[in-house]
Amino acid sequence: MQDFIRFLESHNELKIIDTPLDIELEIPHLAYLEVKKKDSKALLFTHPIHRKPTQTNIHTDSKTPTMLTELTHTTNIPTDTNLPYPHNIESFHIPVLMNVFGSQKRLELIATHYNCNTKFHSLESIALLIKKMLQPTMPKTLQAKLTKLKELWAMRHIFPKHYKGKPPCQEKIYKADSINLFALPILKTWEEDGGRFITMGQVYTRSLNGESHNIGLYRLQIHSHNELLMHWQIHKDATHFFHEYKQANKLMPVSVAIGGDPLYTWCGQAPMPPKVFELMLYGLIRTKNPLLTQCISNDLRVPYDCDIVIEGFVDTNKFAPEGKFGDHTGFYTPIEPYPIMQVHAITTKYNPIYLATVVGKPPLEDKYMGYMTERLFLPLLQTSAHGLIDYAMPENGVFHNLILAKIATNYPAQSLQMMHTFFGIGQMSFVKHAIFVDADAPSLHANYKILCDYILDRINAEKLYNTMGNCDALDHACKEFAVSGKLGIDASGSVLHHDFIAITEDVLLPKMQDIANEITTLHIYQHKNPLIICGVCKQKTPILEYAQRFHEALGQYGAFFIFVDSDNDLTNYYMLLWRVVNSIDIARDFKIIAHCVFLDATAKSTLEGYNREWPKDTLCTESVLTQLQQKGLLEDIDMAFYKQFGII
């Protein structure tokens, strides 16, 4: 991380924040705003602090140096206007680095320039190498044979090697009573979060027989000074390993590495096939073997140059409540039981950097990390999805909730074949809504209005297909946990004839209110095949119960009716898409009557048979924003920016 910080500085991609800021809310809020800017920078917080009531301080009488005494110092301060009772300010000696993936430029620099033996020119050049490896051909000429040998020779880098000597990640070692997770500047991002969470931890696990290794990027909540809660979900490889250890009634070794080459972190979220170690991708991209070192308290191996390593074991019979947590969906996930990791050792470099990220409403770092995943995994997906030309997972579709696919339509129902492929292959099976367009469609990463108009030209009620399948365990809209309706939209083929009668918003709104006075606002996305978007203040009737009457009275004005809660800005299409795909389960919220399509994207309750608590959005705490403003850190942020991204 120290080397990477110098690399960022040399490319003018780092902003250093020397102002003391709290690890709870202040640092995360500033990073959350920064990454949404067009010219966002990585942020290095050199003075992370934590304001704590005096009565909650952790004291130790041990004469052995502890993490708390070595990595922090505490100062008593009197009450001020912002603090209702005397506090201690705990100051951390470890800086916090954020937003390292938070721009297209930094993403490309990390992938193709930093720490590489042989530099790739772009993400596409890496994807091309992967494609050639997946689709081997018999070379015919001497030159072609030499090129093929060079490509195959590159494969030697994918296998990890053992680092010889004392690794930098173990320059400082804390065991037993000296362990204290609270000594690390672990962040609390959102006001209603259940505590402080590690968000960029590379979680290393292995199968019971030791043959399969995995890195996952899971959130980890501090449960006590030496315990973490492991939020690995039901579909993840670490959970599969967990069940092996549970069946054998054995402790499961787990190590969490933070920092080092940022590509390690990206590899942790890469959707590799089962039993394929993600660090193989690191070796391929960096064109050098990943170097691993043995942990000191378990048998796992981690990269030798990580900044912080937390080692321990999970007792497969012990669980504790984890959460709430403002997640990458932009909503809080609920409190649920998750396994406890007992920490047996923490090791660090002499001068470690703590790497963290913020998740919440898009756009955030996962936008760019997801884009790199798209580009590099396209060749792999093409081996299973015949005719796939390109795909995109928009960040405001929260990746698993929406996918766009450009396909070659060479025979009837090829788009339907692709739909079933997507809904059934690997992590792509979590996708809830898929839109398929022809090879002549605009770029899937271009102007979304152009793409939207192209799609509306080619769809009607007959080109929508729904089915059932599994979905992300974090999905809150599904009627049944991890099971959801899925919608395929076939926007391939020729332009369709649409002959709807033009109508203005001020005329249509009272007509709809005559049928359902719950409708308070209305906006029409103007097109020959218009989208009629309505804001609803629900009362005693589910909005879809009015669908038949809407069709009979208003079907001549449009075929697509979308309903959201009345507090949404109906003209902010970016956040509107985020709201819609997050808030629907096609099995419950979708109705077709003749040529009219109705979609209920309002928050659900018992009115619709939803028996859980509908989660809140992740919203910044306004008093914290005021404090940041007073410190001169938000001078380039205005109310329009807050509204654009649903920040408050």
Side-chain angles (χ1 to χ4, degrees), residues 329 385 388 391-407 409 413-425 427-438 441 444 448 451-452 454-472 474-480 482-493 496 525 529 531-534 542-544 547 551 558-564 573 576-602 604 608-610:
T329 60
L388 177 64
Y391 77 114
M393 304 180 83
E395 77 279 358
N396 55 335
V398 197
F399 306 104
H400 288 146
N401 282 345
L402 177 66
I403 187 169
L404 309 171
K406 182 179 289 191
I407 60 174
T409 48
Q414 188 166 359
S415 59
L416 296 183
Q417 179 192 33
M418 192 72 69
M419 179 186 78
H420 291 297
T421 299
F422 277 13
F423 290 159
I425 183 171
Q427 291 192 31
M428 199 67 74
S429 64
F430 301 150
V431 170
K432 290 174 62 177
H433 316 106
I435 303 175
F436 303 96
V437 298
D438 276 327
L444 301 182
Y448 278 116
L451 189 60
C452 183
Y454 178 94
I455 292 167
L456 288 173
D457 277 340
R458 291 163 175 79
I459 63 170
N460 56 26
E462 295 179 355
K463 301 190 75 175
L464 309 184
Y465 304 89
N466 63 311
T467 183
M468 293 292 295
N470 65 325
C471 66
D472 193 335
L474 297 179
D475 188 277
H476 63 267
C478 53
K479 185 176 180 180
E480 180 183 349
V483 180
S484 175
K486 293 175 176 284
L487 178 67
I489 300 177
D490 181 6
S492 64
L496 303 178
Y525 179 87
N529 185 17
L531 298 176
I532 298 171
I533 308 165
C534 304
I543 195 66
L544 291 187
H551 159 66
F560 291 92
F561 294 77
I562 301 171
F563 304 96
V564 297
Y573 299 138
L576 197 66
L577 176 66
W578 166 80
R579 179 75 63 182
V580 169
V581 297
N582 256 302
S583 302
I584 57 176
D585 180 346
I586 290 299
R588 176 194 58 225
D589 304 323
F590 175 73
K591 183 176 286 189
I592 296 179
I593 299 178
H595 73 278
C596 285
V597 179
F598 301 91
L599 198 63
D600 178 8
T602 61
K604 304 306 183 299
E608 294 87 8
Y610 186 89

Would M418 and Y391 count as a side-chain contact (heavy atoms from CB on, under 4.5 Å) here? Give the steps. CA-CA 12 Å; M418 192 72 69; Y391 77 114; over 6 Å; no
Where do Y573 and Y525 land on the ring-ring contact (aromatic ring centres under 6.0 Å, His included) test, with the steps shown first? CA-CA 10 Å; Y573 299 138; Y525 179 87; 5.3 Å; yes
Apply side-chain contact (heavy atoms from CB on, under 4.5 Å) to the pair V597 and I562, showing each step before the final yes or no. CA-CA 8 Å; V597 179; I562 301 171; over 6 Å; no
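Shown here for L404 and Y448, the closest heavy-atom pair between the two residues is CD1-CE2, 4.1 Å. Of all heavy-atom pairs spanning I586 and G485, the tightest one is CB-C, 4.0 Å. Minimum interatomic distance between I403 and M393 (heavy atoms only, all atoms of both residues): CG1-CG, 4.0 Å. When all heavy atoms of R458 and G493 are compared, the closest pair comes out as NE-O, 3.1 Å.
Looking at heavy atoms from C-beta onward, L464 lies in side-chain contact with F560 at the 4.5 angstrom threshold. Residues L388 and F422 form a side-chain contact, since some pair of their non-hydrogen atoms from C-beta on lies under 4.5 Å apart. The shortest side-chain heavy-atom distance between E462 and H595 does not fall under the 4.5 Å cut-off. Using a 4.5 Å heavy-atom threshold, the side chains of H420 and Y465 count as separate. Considering only heavy atoms from C-beta on, D438 comes within 4.5 Å of Y454 through its side chain. Contact of the I489 side chain with the H433 side chain is not registered, since no non-hydrogen atoms from C-beta on lie closer than 4.5 Å. A 4.5 Å side-chain heavy-atom check between E608 and L544 finds every atom pair outside the cut-off. Proximity of F436 to Q414: side-chain heavy atoms (C-beta onward) are nowhere separated by under 4.5 Å.
In the displayed structure, K463 atom NZ is contacted under 6.0 Å by more than 12 heavy atoms of other residues, nucleotides or ligands.
T329 and N582 share no donor-acceptor pair across their side chains, judged by distance under 3.5 Å alone.
Applying the side chain to side chain contact (heavy atoms under 4.5 Å, CB included) test to A482 and every residue at least two apart in sequence or in another chain returns I234, H235. Residues satisfying the side chain to side chain contact (heavy atoms under 4.5 Å, CB included) test with I455, not counting sequence neighbours, are I435, V437, L451, I459, A491. Annotation: salt bridge (Lys or Arg N to Asp or Glu O under 4.0 Å) contacts of K432 (sequence neighbours excluded): D475.
For the pair K604 and D585, the salt-bridge criterion is not met [side-chain N within less than 4.0 Å of a carboxylate O].
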